[in-house]
Amino acid sequence: MSTNCRGGFYYFCKLAIRIAVLILYFCKNFLIAGCLNPGLEQQYWQQEFIGSVNNASIRNHVFHLAKDPHVAGTPEDFATAEYVFQKFHNYGLSAHHTDYDVLLSYPLHRSLIHSAPAKEPIVLSLKGKPGLGDSCSSNPKVMPTFHSFSPSGNVSAEVVYANYGRLEDFQKLAKLGINVKDVIVIASAAQAGAVAVVIYSDPQDYAANYTQGVYPDSQWLPPSCTQRGSVYKGLGDPLTHGWPSTPNAERISLSDPQTTLPTIPSLPISAEDALPILASLSGPISPAEWHGALDSPHYRVGRGSNFSFSGWYIILGNHHDAWVLGAVDPHSGTASLLDVAQQLGELVAKGWQPRSIVLCSWDAEECSVVGSTEWVEQNIDLLGVNAVANPNLDACVIGLGFSAGASPELDDLLQEVKDPDSVDDTVFEAWITSRCTIIWVPMGRLSEGVSDFAAFLQRAGVTPALDLEFGADDNPMNHFAYDNFNWVEKFGDPLFHRHVAVTKLLGLLAMWLSSDVVLPLDYVTYATDLQWHCRMYGPVRENIYGTYGTTTFPGIQTALAQDQTFSKTAAGLMGIRPMLGFTSWSPYSHEVHPHRLYPTHKCLI
């Protein structure tokens with residue numbers, strides 16, 4: 001029995017893009033004498049800030065930022081950077097660009113042909129259908145769906161369904177007797193010898209099993225819509241690991257294994273295109289927990305058919321590039337960052353004197369966090385000495401419910417802002433209620449998330465870091481064409497009150513970190529978390545890489561005892577630390593991946 005073969009082609013291009021790192025320096029003029037009564041003074045400035053935040057200006061920012069598609073490196077993306085730049089300028093703030101020459105990828109040609117024995121081949125559309133009453137999804141500027149950094153390829157092979165494509169999923173396939181070598185894997189989120197990967201969005205995860213309708217009648221994903229994304233798991237430009245991609249920088253070869261670029265083609269498809277492929281599969285029935293909400297009764301695993309294809313800085317960050325329109329991701333965060341810039345700029349004009357605050361608008365986050373990583377690599381020595389914290393906003397307003405991830409020393413700082421979905425509770429109180437606890441709030445950590453905090457936290461050791469959002473569930477429109485202003489106004493945050501709450505949280509956090517004589521950070525919690533991770537993951541790491549003499553994490557383990565003696569009132573003080581004889585942060589490093597060009601993780605103690 002023969003099968004037909006066509007392939008999807010991707011073009012890697014080296015190009016100069018305007019990575020617009022927009023940096024605002026609030027003048028540092030921190031005088032101990034000015035803080036003789038810091039409680040009353042700071043309360044005054046905080047109330048001034050809270051009273052100035054309004055939903056109308058945030059709504060206006062989201063509307064303008066999400067008007068056109070703006071994938072990283074495109075003219076529309078640069079126009080978005082210029083919008084942010086001009087707003088900073090209008091608010092009386094000093095701003096500038098930094099440019100990098102980086103490697104990005106764009107789709108040159110895509111095709112997917114499904115063939116099965118005794119049947120005519122089916123050329124799958126790979127195109128979404130315009131939403132009724134929604135012109136955004138049919139915008140001619142929308143780039144075809146693709147995976148950033150997927151290599152070009154022309155592949156024909158049998159198909160195996162692999163659930164989410166995780167290690168445990170391939171282990172279950174092995175127990176079922178399914179060998180994935182030389183096959184094309186189809187997964188609802190992506191390779192153990194496979195020759196290509198096709199990833200689709202199952203309605204169980206993105207459409208509530210089709211029980212509540214789909215966009216534009218509800219918040220959920222239509223079956224013909226396809227999610228974009230990057231399949232490169234590193235950070236920054238793959239050709240300059242560990243140093244910035246300045247115009248004359250040395251670069252490793254695209255074929256060098258050190259790039260860790262994907263080696264097999266991958267393609268995103270819709271649930272609608274995935275259905276005929278999955279329905280045609282034979283072989284064992286997949287485990288029950290692998291069954292989604294497609295109209296396919298068994299979710300068999302295959303193999304069954306073929307197809308083809310200046311002082312200390314508080315650094316506030318958000319990215320401005322988007323896979324399509326990006327009203328939620330990233331511009332719920334961009335709008336809040338701009339409003340924080342406006343309100344803090346007005347406070348400075350009235351006489352407020354903070355430490356230096358740096359506001360950054362990053363480019364190419366969606367393409368493996370390129371812009372912020374290159375800037376960190378260029379300024380890593382400065383950041384290691386001067387950076388205090390890196391609160392970051394990404395897709396921060398999705399719907400009901402609040403969640404946050406932070407480094408441990410920020411666990412106590414969510415108790416001052418009213419929850420927009422509650423009559424009386426603060427964000428902190430509502431979060432406790434939602435978790436049915438009165439003692440401990442499960443603050444997430446940032447080790448698994450990939451956003452613009454990653455290079456600051458994991459390479460430069462800038463802690464504390466924070467990433468927060470309203471939306472207990474994942475964004476069903478994330479990286480889809482329907483992530484637009486209409487969806488936000490109808491479903492995500494109709495009155496933009498959650499945007500206001502995020503703005504207040506970010507602004508107050510910046511004010512606390514930039515104004516308090518003693519930074520409100522709990523390094524005892526940090527040390528406790530480090531100890532726990534050393535105990536939990538030390539044996540795992542030793543099994544993979546071995547030890548360093550007598551220790552698993554040199555530097556960190558020897559510093560934990562010292563770190564635990566610090567407390568909120570005696571350490572991590574910034575303003576007080578020099579008085580205690582500490583001239584700077586001490587970076588403690590350990591090797592995480594011995595075979596990578598950026599081998600250390602740093603924590604500051």
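Owing to the predicted nature of the structure, the values given are computational and were not obtained by experimental measurement.
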Report the residues that fulfil ring-ring contact (aromatic ring centres under 6.0 Å, His included) with His499, sequence neighbours left out, ordered by chain and then residue number.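 Per chain and number, His499 pairs via ring-ring contact (aromatic ring centres under 6.0 Å, His included) with Phe496.
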
Verify, without hydrogens or angle tests, whether [X] (side chain) and [Y] (backbone) share a donor-acceptor contact under 3.5 angstrom.
X: Asp101; Y: Thr246; result: no
X: Ser218; Y: Gln212; result: yes
X: Tyr206; Y: Gln227; result: no
X: Ser57; Y: Val53; result: no
X: Glu374; Y: Asp237; result: yes
X: Arg251; Y: Ala249; result: yes
X: Thr145; Y: Thr226; result: no
X: Ser280; Y: Ile277; result: yes
X: Ser230; Y: Cys367; result: no

Does some side-chain heavy atom of [Y] sit less than 4.5 Å from a side-chain heavy atom of [X]?
X: Thr259; Y: Tyr232; answer: no
X: Thr260; Y: His241; answer: yes
X: Ile315; Y: Cys360; answer: yes
X: Tyr299; Y: Leu278; answer: yes

May I have all residue pairs that pass salt bridge (charged side-chain N to carboxylate O under 4.0 Å, His left out) and include part of residues 477-489, sequence neighbours excluded?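 For residues 477-489, and leaving out neighbouring residues, the salt bridge (charged side-chain N to carboxylate O under 4.0 Å, His left out) pairs sorted by first residue read Arg59-Glu489.
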
Taking the six-membered ring for Trp and the full ring for Phe, Tyr or His, determine whether the centres of Phe480 and Tyr215 are under 6.0 Å apart.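 Between Phe480 and Tyr215, the centre distance exceeds or equals 6.0 Å.
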
Under 6.0 Å between the ring centres of Tyr100 and Trp362? no

Grab the two heavy atoms, one from His331 and one from Ala66, that are nearest each other, plus how far apart they are.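 In this case the closest contact between His331 and Ala66 is CD2-N, 4.2 Å.
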
Looking at Lys490, I want to see if its NZ is surrounded by more than 12 non-hydrogen atoms of other residues, nucleotides or ligands under 6.0 Å.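 Atom NZ in Lys490 is crowded, with more than 12 foreign heavy atoms closer than 6.0 Å.
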
Mind telling me whether [Y] and [X] have parallel, tilted or perpendicular rings, with 30° and 60° as the class edges?
X: Tyr200; Y: Tyr161; value: tilted
X: Tyr91; Y: His61; value: perpendicular
X: Phe85; Y: His97; value: parallel
X: Phe146; Y: Trp323; value: perpendicular

Does one side chain, of [X] or [Y], offer a donor that lies under 3.5 Å from an acceptor on the other?
X: Ser286; Y: His291; value: yes
X: His319; Y: Glu365; value: yes
X: Gln343; Y: Ser52; value: yes

With Val102, the side-chain contact (heavy atoms from CB on, under 4.5 Å) member among Thr240, Val370, Asp363: Val370

